[in-house]
Amino acid sequence: MRRLRDRVLHALPEGRLLPEAVWQRRHLAIVRVALGLAVALVIFSWLQGFGQPAAVAVLAAVAGPAGVAAIPHLSRKQRSVAATTSLMAASVALVHLWSGVTESHFIFFVMIGVVSLYQDWLPYLIALLVVTLHHGVVGTLYPSVVFSHGAVHDPWVWAGIHAAFVLAASLANLASWRLNEDQVLSDPLTGLANRTLLEEITHRILQRGDAVSVLFIDIDDFKDVNDSRGHSQGDELLLVLAERLRGCVRPGDVVARTGGDEFALVVQGGPDVARAIAGRALSCLAVPVPLDSGPVTVRASVGIAASGDPGESTPGSLLRNADLAMHLAKAQGKNRLVAYADGMAQAARRRAELQQDLALAVPEDQLVVHYQPTVRVADGRTTGFEALVRWNHPARGMVPPAEFIPLAEETGIITEIGRWVLRQSVAQGAAWSAATGTPLRMAVNLSPRQLLDDDVVADVEAALRDSGFPAGQLTLEVTEGVLVRDVDRAVARLEALRALGVRIAIDDFGTGFSGLSYLRNLPADIIKIDRSFVGDLPTGRSASTLISSIVELARTLGLEVIAEGVETEEQRRTLEELRCGSAQGYLFARPEPAHQAGAHLATGGIPAQPGPPAIERLQGAPTG
């Protein structure tokens, strides 16, 4: 019996909640029908010879509930029940005003069809119950009014027959209702719930007063899979990931696909339950997926929002907050989960405003280039500079690179910024080399987007030609993570750049996943050891061992080595002992505007500038 009940319930429409705008339009139309019936029945009662009391009673029974249904601050349930009551009262009134006429009962068939427009079981069942009770109770008390044949002897039997006919007449409405749910509430690729159903289920849980959490999951770098393996393989990957997510949740939880590579989970429970499920989901998604084109490993960023979080608790707000937390997880390095906290919404607004302002940074000359020298570790002699972009916002002042560079990368503005920085820095390098009579080198960062842009080779060639800066003095820096992510395409682009005569530096070396043996396949001339290793000197034995290994391997491969983030004299001496050739850091100079950096060149040296360590770049995000 339990299995039979479950099958019946599954076969029935789920009573999906209509979008607010659609529901309001339908409800307004139904209320107008009810009020129109009230007026028509009053006129009909006069035509049938009924007195004023009957007309007033009909008006009160039909127009009264319709008036309640028009009150805007009542809930959907309350207004739909009131409207249904009005329509069924009109049906009962017509049967009594036109007593003994079978055709008067047709109004029940019409009204229950109108009620089904709500796509809500409560008003529909109320209408069906009114039909049954009216024909049973009133048919027993006043059989000649309700029935016009032998049914007067078995009123309840015929009440059931009337209810069955009404139900049968509604089957077409219910069938279309169910078909609409199947088409509108599921994702066509994975069969998971879509965003509409996700919000409706969340709404129902919130109405019950239960704790609920929403997890927003975005697959990291999924675009790379589509670009490198094709969209069919991307769809196959999504199907596997969808099935894994289904296996991570409990009975009663819901998995939905809300976008191309975005999923959401509705979890019944608070933040602790949500974190446990999110951790399980991250572990499941990280298992390599075997595809026809070869196995692929994906990572995901997860944002969590719970009904107990500060602020309003609505389906839309929970999903929005989870989305905000997910974007913060991406900004913090991806492949992690972040729970929503108070203030994230304000931060998101600031981020959106900053993104809008960033589009004006280049056209309105708000960007400046600061230059940090590269020196020989042995004697402190300046051999060149690294160009680092800074944004002088007209209202907020200097915006940290860690705040605007990721935004520029996401929006694609980084390509325009990078092109501008390249032209500024090679022109400055040409001016300094001419003024000092020394061929100073200039290092410029290439962002991941800029490196893979089809115009990057032409941009570099044009900048060198227009400035007269020798190609051999220009170094283009790329992060190790870019090469690991799409090695074939990146290597091809770097080889094209080297063909111009420029040198290639691998920035932040040691923070990626390549390993030292990876170097022999890269078209590189320079390795820049990440500041996180230099910061452990001189006491960190593992850091010393790693730097020593990098220096030795680089020497074997004919590569130069530059250590980043040198802050103390002890670190410099240790690097000298490890035979590291060049270095950058606050010990030698902070990044400075061109006129200040040039003034140090004119005096023959750059003084040491002690101060607290500071991260000049967001990990893995170029700033020039």
Legend entry - Pairwise distance CZ(Arg419) to CG(Asp455) - rounded to 0.5 angstrom: 6.5 Å
Legend entry - Leu360 backbone acceptor or donor facing Asp357 side chain under 3.5 Å: no
Legend entry - Close side-chain approach of Ile506 to Val478, heavy-atom, < 4.5 Å: yes
Inset, instruction - May I ask you to decide whether Glu243 forms a salt bridge with Arg246, counting only side-chain N to carboxylate O separations under 4.0 Å? - result: yes
Legend entry - Asp187 side chain vs Thr258 backbone, donor-acceptor pair below 3.5 Å: no
Legend entry - Polar side-chain atom of Asn321 near backbone of Ser317 as donor-acceptor pair, under 3.5 Å: yes
Legend entry - Flag side-chain contact, heavy atom, 4.5 Å: Pro401 against Val389: no
Legend entry - Donor-acceptor under 3.5 Å (Ser283 side chain, Gly279 main chain): yes
Inset, instruction - Classify the ring geometry between Trp391 and Phe404 as parallel (under 30°), tilted (30 to 60°) or perpendicular (over 60°). - result: perpendicular
Inset, instruction - Check whether any side-chain heavy atom of Phe222 sits under 4.5 Å from a side-chain heavy atom of Val298, and report yes or no. - result: no
Inset, instruction - For the pair Arg76 (side chain) and Arg79 (backbone), establish whether a donor and an acceptor sit closer than 3.5 Å, ignoring hydrogens and angles. - result: no
Inset, instruction - Kindly give the heavy-atom pair with the smallest separation between Pro288 and Arg244, and that separation in Å. - result: O-NH2, 3.4 Å
Inset, instruction - Verify whether one side chain among Glu236 and Gln233 offers a donor that lies under 3.5 Å from an acceptor in the other. - result: yes
Legend entry - Considering all heavy atoms, the nearest Gly234-Val225 contact: CA-CG1, 4.3 Å
Inset, instruction - Determine the minimum heavy-atom distance between Thr190 and Leu238, stating which atoms define it. - result: CG2-O, 4.3 Å
Inset, instruction - Starting at CD1 of Ile217, measure out to CZ of Arg257 and round the result to the nearest 0.5 Å. - result: 13.5 Å
Legend entry - Check: Asp220/Ser301 side-chain N/O donor and acceptor closer than 3.5 Å: yes
Legend entry - Nearest-0.5 Å distance that lies between atom CG in Leu37 and atom CZ in Arg32: 14.5 Å
Legend entry - Other residues, nucleotides, ligands: >12 heavy atoms within 6.0 Å of Arg275 CZ: no
Inset, instruction - Please tell me if the side chains of Leu241 and Asp261 come closer than 4.5 Å, counting only heavy atoms from C-beta onward. - result: no
Inset, instruction - For residues Val81 and Gln78, determine if any side-chain heavy atom of one lies less than 4.5 Å from a side-chain heavy atom of the other. - result: no
Inset, instruction - Indicate whether the side chain of Asp235 and that of His231 have a donor and an acceptor atom separated by less than 3.5 Å. - result: no
Inset, instruction - Could you tell me whether the side chain of Arg26 and the main chain of Tyr118 form a donor-acceptor pair under 3.5 Å? - result: no
Inset, instruction - List the steps and the verdict of side chain to side chain donor-acceptor pair (under 3.5 Å) for His203 and Glu199. - result: CA-CA 6 Å; His203 178 79; Glu199 292 185 355; over 6 Å; no
Legend entry - Basic-acidic side-chain contact under 4.0 Å: Asp221, Lys334: yes
Legend entry - Minimal non-hydrogen separation, Cys248 against Arg280, with atom names: O-NH2, 2.7 Å
Legend entry - Test item: Thr202 side-chain N/O and Pro315 main-chain N/O as donor-acceptor pair under 3.5 Å: no
Inset, instruction - Heavy atoms only: give me the nearest Ala300-Leu282 pair and the separation to one decimal. - result: O-CD2, 3.3 Å
Legend entry - Interatomic spacing from OG1 in Thr479 to CG in Leu451 - rounded to 0.5 Å: 8.5 Å
Inset, instruction - State plainly whether the residues Asp454 and Arg493 are in salt-bridge range, i.e. N to O under 4.0 Å. - result: yes
Legend entry - Interatomic spacing from CG in Leu285 to CZ in Phe263 - rounded to 0.5 Å: 8.0 Å
Inset, instruction - Measure across Val62 and Ser86 and return the closest heavy-atom pair with its distance rounded to 0.1 Å. - result: O-OG, 2.6 Å
Legend entry - Side chain to side chain, Ile417 and Leu358, heavy atoms closer than 4.5 Å: yes
Inset, instruction - Check the pair Ile126, Met88 against side chain to side chain contact (heavy atoms under 4.5 Å, CB included), reporting the backbone distance first and the verdict last. - result: CA-CA 9 Å; Ile126 287 175; Met88 300 318 295; 5.5 Å; no
Legend entry - Pair Glu403 + Arg350, salt bridge at N-O below 4.0 Å: yes
Legend entry - side chain to side chain contact (heavy atoms under 4.5 Å, CB included) assessment of Val33 paired with Leu87: CA-CA 8 Å; Val33 168; Leu87 294 177; 4.1 Å; yes
Inset, instruction - Compare all side-chain heavy atoms of Leu206 with those of Leu318 and state whether any distance is below 4.5 angstrom. - result: yes
Legend entry - Donor-acceptor contact present, side-chain Gln450 to main-chain Ile414, <3.5 Å: no
Inset, instruction - Return yes if some donor-acceptor pair links the side-chain N/O of Ser213 with the main-chain N/O of Gly269 below 3.5 Å, else return no. - result: yes
Legend entry - Between CD1 on residue Ile277 and CG on residue Leu337, distance to nearest 0.5 Å: 12.0 Å
Inset, instruction - Give a yes or no on whether the backbone of Gly252 and the side-chain of Gln268 come within a donor-acceptor separation of less than 3.5 Å. - result: yes
